[in-house]
Amino acid sequence: MDKVLVIGDSCEDKFTYGSSSRLCPDTPAPVFLPNRDQINAGMAGNVYENLKSLGFKCDLITNSEKIIKQRYVDEKTNHTFLRVDTGDTVPQIKFNPSAIQKQNYSAIVIADYGKGFLTELDISLLCQLNKTVFLDTKKAIGPWCKAASFIKINSPEFEAFKNNLNLKDWIEKLIVTLGDRGCMFLKDTGFNYYPVDKVDVFDLSGAGDTFHASFVAKYLETTDIDVSIKYANLCASEVVQKRGVVSCAEALIN
């Protein structure tokens, strides 16, 4: 199997599970008693781990500076009391395009969470380095990413800048995820909708990364867009029924 490059912002997803049975006496806040920690790779790191779990050989280019998303979660109900983010911005990457080309990657997977690691120019260059580029970005899409093979954004992002888009420029490229309503893919006849079965959502952490990675995996296997989107929907639906951040392979097995 050929190797895939995953590039973008990564974080450490840290879950501190515990309990709370009383309020603080001097302020109306719960007193949280920590019990155990669970730490997972997040963002680009989670995409990378998902692709590896599905049998792909991958390289990861990501920030060395640590971004931590610390969640304090009730062990019994999985209710999140508080999330604390630290190190939320990282220096811009300085990558060597020739080194990437020499690896002859079968695809480049970009997970751009807008933390400063990749600029629009960086992403534009990456799209020119490989004929198969999968982009998940928090940036408003524009001419800088038109060379990407597929672009995944979520519904709030799409709503924020859709009036500035000429949709004809993004036919057969744009995937918009819709949460519990599945996703839609832009074809020449308009958006095609891909619904999902209703499931009991336990934890949304990492669901977008799972969708991205599983879509990449199935498309590289089949080159069938419809099959790939349906598989990505299935994997994301399985992951949200699990506690914390789990790989799609683990979720499908369990």
Side-chain angles (χ1 to χ4, degrees), residues 1 3-17 34 36-73 78 80 82-93 95 100 103 105-118 122-123 126 133-138 152-154 177 201-218 220 231-232 235-254:
M1 181 180 291
K3 189 180 288 186
V4 173
L5 173 65
V6 179
I7 183 168
D9 321 81
S10 291
C11 72
E12 179 181 280
D13 279 320
K14 183 176 181 181
F15 298 82
T16 297
Y17 293 100
R36 65 182 180 89
D37 290 333
Q38 177 180 319
I39 298 174
N40 303 92
M43 302 194 300
N46 189 26
V47 175
Y48 169 77
E49 292 296 338
N50 269 280
L51 282 168
K52 287 206 310 179
S53 79
L54 292 169
F56 281 80
K57 296 179 180 178
C58 305
D59 285 341
L60 175 64
I61 298 177
T62 191
N63 45 287
S64 56
E65 300 78 13
K66 186 172 286 189
I67 296 173
I68 301 175
K69 296 181 181 180
Q70 167 77 67
R71 299 168 176 86
Y72 296 90
V73 184
N78 211 51
T80 299
L82 178 68
R83 188 178 113 175
V84 180
D85 289 7
T86 56
D88 204 42
T89 58
V90 295
Q92 182 186 342
I93 186 177
F95 64 89
I100 291 176
Q103 289 288 335
Y105 292 108
S106 59
I108 295 178
V109 182
I110 304 172
D112 170 40
Y113 278 81
K115 304 300 183 182
F117 192 61
L118 292 170
D122 292 329
I123 295 172
L126 287 165
V133 175
F134 301 85
L135 171 63
D136 183 357
T137 183
K138 298 299 181 185
K152 182 188 86 68
I153 58 176
N154 62 35
T177 55
V201 176
F202 198 64
D203 199 323
L204 292 171
S205 303
D209 301 328
T210 295
F211 182 99
H212 193 198
S214 51
F215 174 79
V216 170
K218 187 58 70 172
L220 291 178
Y231 180 72
C235 291
S237 294
E238 289 295 325
V239 163
V240 299
Q241 298 178 69
K242 313 298 181 184
R243 184 190 296 271
V245 176
V246 299
S247 71
C248 44
E250 180 183 352
L252 289 170
I253 293 172
N254 298 323

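Asp136 and Gly208 make their closest contact through OD2-O, 4.5 Å (heavy atoms, listed as atom of the first residue, atom of the second, distance). Listed here is the closest heavy atom pair of Ala217 and Phe56: CB-CE1, 3.5 Å. Of all heavy-atom pairs spanning Phe15 and Gln70, the tightest one is C-NE2, 4.4 Å. Residues Val109 and Leu51 share a closest heavy-atom pair of CG2-CD1, 4.2 Å. The two atoms that bring Ala213 and Val47 nearest to each other are CB-O, 3.8 Å, heavy atoms only. Considering every non-hydrogen atom in both Glu49 and Ala41, the closest pair reads CG-CB, 4.2 Å.
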Between Phe95 and Leu126, does the side chain to side chain contact (heavy atoms under 4.5 Å, CB included) criterion hold? Intermediate values first, please. CA-CA 10 Å; Phe95 64 89; Leu126 287 165; 4.0 Å; yes
Check the pair Phe134 / Leu220 against side chain to side chain contact (heavy atoms under 4.5 Å, CB included), numbers first and verdict last. CA-CA 11 Å; Phe134 301 85; Leu220 291 178; 4.1 Å; yes
Could you walk me through whether Tyr72 and Val84 pass side chain to side chain contact (heavy atoms under 4.5 Å, CB included), step by step? CA-CA 9 Å; Tyr72 296 90; Val84 180; 4.3 Å; yes
Pair Val4, Tyr48 - check side chain to side chain contact (heavy atoms under 4.5 Å, CB included), show working. CA-CA 9 Å; Val4 173; Tyr48 169 77; over 6 Å; no
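Not counting sequence neighbours, the partners of Ile39 by the side-chain contact (heavy atoms from CB on, under 4.5 Å) test are Glu12, Lys14. The side chain to side chain donor-acceptor pair (under 3.5 Å) search around Thr62 returns Ser10, not counting sequence neighbours. Partners of Tyr105 according to the ring-ring contact (aromatic ring centres under 6.0 Å, His included) rule, which considers only residues two or more places apart in sequence or in another chain, do not exist here. In this structure Gln92 satisfies the side chain to side chain donor-acceptor pair (under 3.5 Å) test together with Asp122, sequence neighbours excluded. By the side-chain contact (heavy atoms from CB on, under 4.5 Å) test, Lys115 pairs with Asp9, Met43, Ile67, Asp88, Val90, Tyr113, sequence neighbours left out. Residues forming a salt bridge (charged side-chain N to carboxylate O under 4.0 Å, His left out) with Lys69 (at least two apart in sequence, or on another chain): none. Remark: Pro91 engages Glu65 in a side-chain contact (heavy atoms from CB on, under 4.5 Å) (not counting sequence neighbours). Contacts of Thr89 classified as side-chain contact (heavy atoms from CB on, under 4.5 Å), with partners at least two apart in sequence or in another chain: none.
Put simply, CG on Leu54 and NZ on Lys218 are 8.5 Å apart, with the number rounded to the nearest 0.5 Å. Atom-to-atom distance recorded for Ile61:CD1 and Ile93:CD1 is 5.5 Å, nearest 0.5 angstrom. How far NZ of Lys152 is from CZ of Phe211: 7.0 Å, rounded to the nearest 0.5 Å. Atom CD1 of Ile7 is separated from atom CD1 of Ile110 by 7.0 Å, given to the nearest 0.5 angstrom. Summarising the geometry, atom CG belonging to Leu82 is positioned 11.0 Å from atom CZ belonging to Arg71; distances are rounded to the nearest 0.5 Å.
Looking at Asn46 and Asp13, their side chains never come closer than 4.5 Å, going by heavy atoms from C-beta outward. With a 4.5 Å cut-off on side-chain heavy atoms, Gln103 and Leu5 do not count as touching.
Between the side chains of Thr16 and Asp37, a donor-acceptor pair is found at a separation under 3.5 Å.
Around NZ of Lys138, the count of heavy atoms belonging to other residues, nucleotides or ligands within 6.0 Å exceeds 12.
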